[in-house]
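Reminder, nothing fancy here: chain letters follow the sequence lines and each chain counts from 1.
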Protein chains: 2
Amino acid sequence: MTAADVAQAVGVSRATVGFVLNDTPGQTISEATRQRVLDAAIALGYRPNSAARALARGRSEIVLLVLPDWPMDYAHGRLVEEFAKALDEAGYSLVTWSPREDSHARPLWERLHADLVMGFAPFDDDQQAGIRANGVSKLFPTPDQYIRHSAHWLAITLHLQVDHLRERGHRRIAYAGSPDPRLAAVSRDKARKVAARAAFHGMEFAGERVVDVADGSADRAVRAWVEAGCTAVVACNDYVAAMVAGAALRAGIAIPERLAVIGHDDSPLARVVVPTLTSVRIDAAAAGREAAASALHELGVRPLPAEPDPCAAVLVIRESTGGTATGTEVPCRLIPHDTGHGHAPEIRQMSPSGDGHGASGSGSGGDPVIGE
Amino acid sequence: MTAADVAQAVGVSRATVGFVLNDTPGQTISEATRQRVLDAAIALGYRPNSAARALARGRSEIVLLVLPDWPMDYAHGRLVEEFAKALDEAGYSLVTWSPREDSHARPLWERLHADLVMGFAPFDDDQQAGIRANGVSKLFPTPDQYIRHSAHWLAITLHLQVDHLRERGHRRIAYAGSPDPRLAAVSRDKARKVAARAAFHGMEFAGERVVDVADGSADRAVRAWVEAGCTAVVACNDYVAAMVAGAALRAGIAIPERLAVIGHDDSPLARVVVPTLTSVRIDAAAAGREAAASALHELGVRPLPAEPDPCAAVLVIRESTGGTATGTEVPCRLIPHDTGHGHAPEIRQMSPSGDGHGASGSGSGGDPVIGE
DNA sequence: TTGAAAGCGATACCAG
DNA sequence: CTGGTATCGCTTTCAA
């Protein structure tokens, strides 16, 4: 079924068919033939050949999002969903792809011809060359854009974790890292940022320990932390937090009285385990929308808003740090402002919603972000 | 950077460039020009235009996998990973896509030109028409292939759940469904199969209840089940199982003594919660490989093996039904054989591995699958 | 108001 | 051994 078939069926040229089917502006087609073409197209079940269309127009209306090789957490999944939705509304399709490092086949961006290739992590030079070489493909994010969109939010949530423990009166904390080898690097990075924030508050930081439920390292870690006088643990994510809480439970260490735990991501898991987990999350939907705004700007669809939306983060206080089972949400807003040497986000806690258990006024305005 | 540019740089025709770059058989190019072309291509950073290539060759070496609209569980994720890997090894790229039901944009298979479109659920007629109309795209699965690949495994794992409870001596069981509205249909379907299996064993089935931790329905369900004399609950998935276990814990109902719980999927969650959850899983890697075998057959790359691999399922017995915290794995094999009216899978339990807590010999050979 | 024709960039057939 | 050239299906400019 080609456009030529439709043209022949109607008795017009294939150019006319193209004009009608694409609503080409600046052309005047009589309403009669217009309808005949439309009807014939439907009757024949005509669909334009996407490869030919992409070749002729030079664009495919596809955005390729390259996923990181580490397992995505819940918030990232939500972000991608919202991103896809916003792109869809603008007429673009989002394709997600996880590159395989052990693959010698050509990367997807060399066989897909996307209009735009985005990634969670910056692309290295080889990749950039491959992407750029492929026709009209545009590349995003550039490193600084990446930082603007992701590292800030990460810093915010890590600060929220530490600040919350500080407010609860903890003076000596530790960091629980993920056993997943692919998360090792990002986990370590988080630990550094947490250490810096703890130092800023004058808290003692007892270092990072990778915990796993399979090899008993969680049990050992919990015992070691308590012996070392730690009263609270910042976990890499909710899974790790659950492992810590579970190990403590089995060791007879009361949570949160003797050891408080705070997770990261506010995944569904945090609500279903016993005790329920205090956690932090970003507004994934807003993040996805802002990513879409950047993408659509890059595609030349709309201009980029001058000011990015202030990104919202939320602290959810549940049982693992002394809150209620259902939890209390404490929304925070980041007001980005440039201090000359990097970004110094100001965290402003807003009035807590829920049952009033929320902490108030972390008041860390204007302090520098350490370790970035 | 087009092939013409490379040709000009080297001083040959673009046909020659094409022959060299594609290793076209049946052509004899002198090693000298061959090298010059190759060098020039690298020096100029030439990458073939994927749209043009797809148009000319009629195929893109891309397989499109349409994801279901319900949230995928852990095993499905593993399956997709393995599927992608197997395709990659055959030189194909896997693109996954989640259609948006509220989208009026054209579906991805109409703008991507995949060689093959697969889905987790069968496509409806409109979708099939759209996919078929799009060039050489092939369609998979057809409904019966779909059943062969997925429904069997589902039935197996559900049987494993019920059989295990039966062996533990439970006579009256209930089903805990997921609160996720997108899972409602599949959850109900599972409940029916569980009911049938329970009836086969002469067990009483107390019906399905949707449980959620947010609205207190989990607490109510647990209480109701205990009052109704149920001693065990089959959960739709591990999340639901965790909610049931948590609610029981909070209500002071001992697990597994007064209420046993068995999950589905054997996700990481099952290992981290307290108590750890008994669960069932399929060999997702094998499933992914078989899906890839089907796909590659459909693509004409290799013939399909006459007999599908016997699919393996595993029961992991953990604390929530009386096992140990780390769990005991009981592998099972499905030997498919047709009895004339539908498939009647025989489940053969193999000798348990681990600490010997495993049940032995469910011996349900040859019994009919009810409710399919 | 419609149609002819020139690309888009690569593949592959058939001469030379 | 190498180089024209038709083809893939659609878009788009220009002429009729």
Side-chain angles (χ1 to χ4, degrees), chain A residues 1-38 40-41 44-62 106 110-113 115 133-137, chain B residues 1-38 40-41 44-62 106 110-113 115 133-137:
Chain A
M1 267 299 76
T2 74
D5 296 325
V6 176
Q8 192 175 2
V10 181
V12 297
S13 78
R14 50 170 157 298
T16 306
V17 172
F19 292 146
V20 170
L21 263 35
N22 294 322
D23 271 331
T24 310
Q27 294 290 337
T28 73
I29 308 275
S30 73
E31 191 53 35
T33 51
R34 190 184 153 70
Q35 266 310 326
R36 278 169 47 224
V37 169
L38 249 32
L44 296 174
Y46 167 76
R47 314 286 165 121
N49 179 309
S50 47
R53 171 181 265 255
L55 176 58
R57 312 214 330 181
R59 61 212 158 76
S60 57
E61 285 166 326
I62 287 177
R106 38 173 23 107
E110 288 185 18
R111 42 170 60 147
L112 182 53
H113 197 92
D115 293 344
N134 195 320
V136 297
S137 287
Chain B
M1 268 297 76
T2 75
D5 296 325
V6 177
Q8 191 174 3
V10 180
V12 297
S13 78
R14 51 165 157 296
T16 306
V17 172
F19 291 146
V20 171
L21 262 36
N22 294 321
D23 270 332
T24 309
Q27 294 292 334
T28 71
I29 307 275
S30 72
E31 192 53 35
T33 51
R34 192 184 151 69
Q35 267 310 327
R36 280 174 40 228
V37 169
L38 249 33
L44 296 175
Y46 167 76
R47 314 285 166 122
N49 179 309
S50 47
R53 173 182 261 256
L55 176 58
R57 310 221 317 182
R59 61 212 157 76
S60 57
E61 285 166 328
I62 287 177
R106 38 174 22 109
E110 289 184 18
R111 41 170 61 148
L112 183 53
H113 198 91
D115 293 344
N134 195 320
V136 296
S137 288

Spacing of CZ belonging to B:Arg53 relative to CZ belonging to B:Arg59, to within rounding of 0.5 Å:
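Output value for this atom pair is 8.5 Å.
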Working to the nearest 0.5 angstrom, can you tell me the gap between B:Leu55 CG and B:His113 NE2?
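Separation between the atoms: 8.0 Å.
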Please list residues of residues 3-20 of chain A whose heavy atoms come under 4.0 Å from any atom in DNA chain D, ordered by number; otherwise none.
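Heavy-atom contacts with DNA chain D come from A:Ala3, A:Ala15, A:Phe19.
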For atom [atom1] of [X] and atom [atom2] of [N], their distance in whole Å:
X: A:Arg53; N: D:dC10; atom1: CZ; atom2: C1'; value: 8 Å
X: A:Leu55; N: C:dA6; atom1: CG; atom2: C1'; value: 13 Å
X: A:Gln35; N: C:dT2; atom1: CD; atom2: C1'; value: 18 Å
X: A:Glu31; N: C:dT2; atom1: CD; atom2: P; value: 11 Å
X: A:Asn22; N: D:dG9; atom1: CG; atom2: P; value: 17 Å
X: B:Arg59; N: C:dA10; atom1: CZ; atom2: P; value: 16 Å
X: A:Arg34; N: C:dT2; atom1: CZ; atom2: C1'; value: 15 Å
X: A:His113; N: C:dA10; atom1: NE2; atom2: C1'; value: 13 Å

Using heavy atoms to find the nearest nucleotide of DNA chain D for A:Ala56 and B:Ala56 separately, return the residue whose nucleotide is more 5′.
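It is B:Ala56, whose closest nucleotide lies nearer the 5' terminus.
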Under 4.0 Å, heavy atoms only, any strand: does A:Thr24 hit a base, just the sugar-phosphate, or nothing?
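It contacts nothing in the nucleic acid.
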Side-chain touch B:Leu112/A:Ile62, heavy atoms, less than 4.5 angstrom
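A side-chain contact exists here, since the closest heavy-atom pair is under 4.5 Å.
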Could you check if a side-chain atom of B:Arg106 sits within less than 4.5 angstrom of a side-chain atom of A:Ser50, using non-hydrogen atoms only?
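Result no, sub-4.5 Å side-chain heavy-atom pair not found.
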Compare side-chain N and O positions of B:Ser30 against OP1 and OP2 of D:dT2 and report whether any pair is under 4.0 Å apart.
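Yes, within the criterion.
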Would you tell me if any nitrogen or oxygen in the side chain of B:Tyr46 comes within less than 4.0 Å of OP1 or OP2 on C:dA10?
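For B:Tyr46, the contact criterion (side-chain N or O under 4.0 Å from OP1 or OP2 of C:dA10) is met.
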Start with the C-alpha gap between A:Val10 and A:Gln35, add the side-chain angles, then the distance that decides, and say whether side-chain contact (heavy atoms from CB on, under 4.5 Å) holds.
CA-CA 10 Å; A:Val10 181; A:Gln35 266 310 326; over 6 Å; no
Any side-chain donor paired with an acceptor under 3.5 Å for B:Arg57 and B:Asn22?
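No, no side-chain donor-acceptor contact under 3.5 Å.
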Between A:Thr2 and A:Asn49, is the side-chain contact (heavy atoms from CB on, under 4.5 Å) condition met? List the steps.
CA-CA 8 Å; A:Thr2 74; A:Asn49 179 309; over 6 Å; no
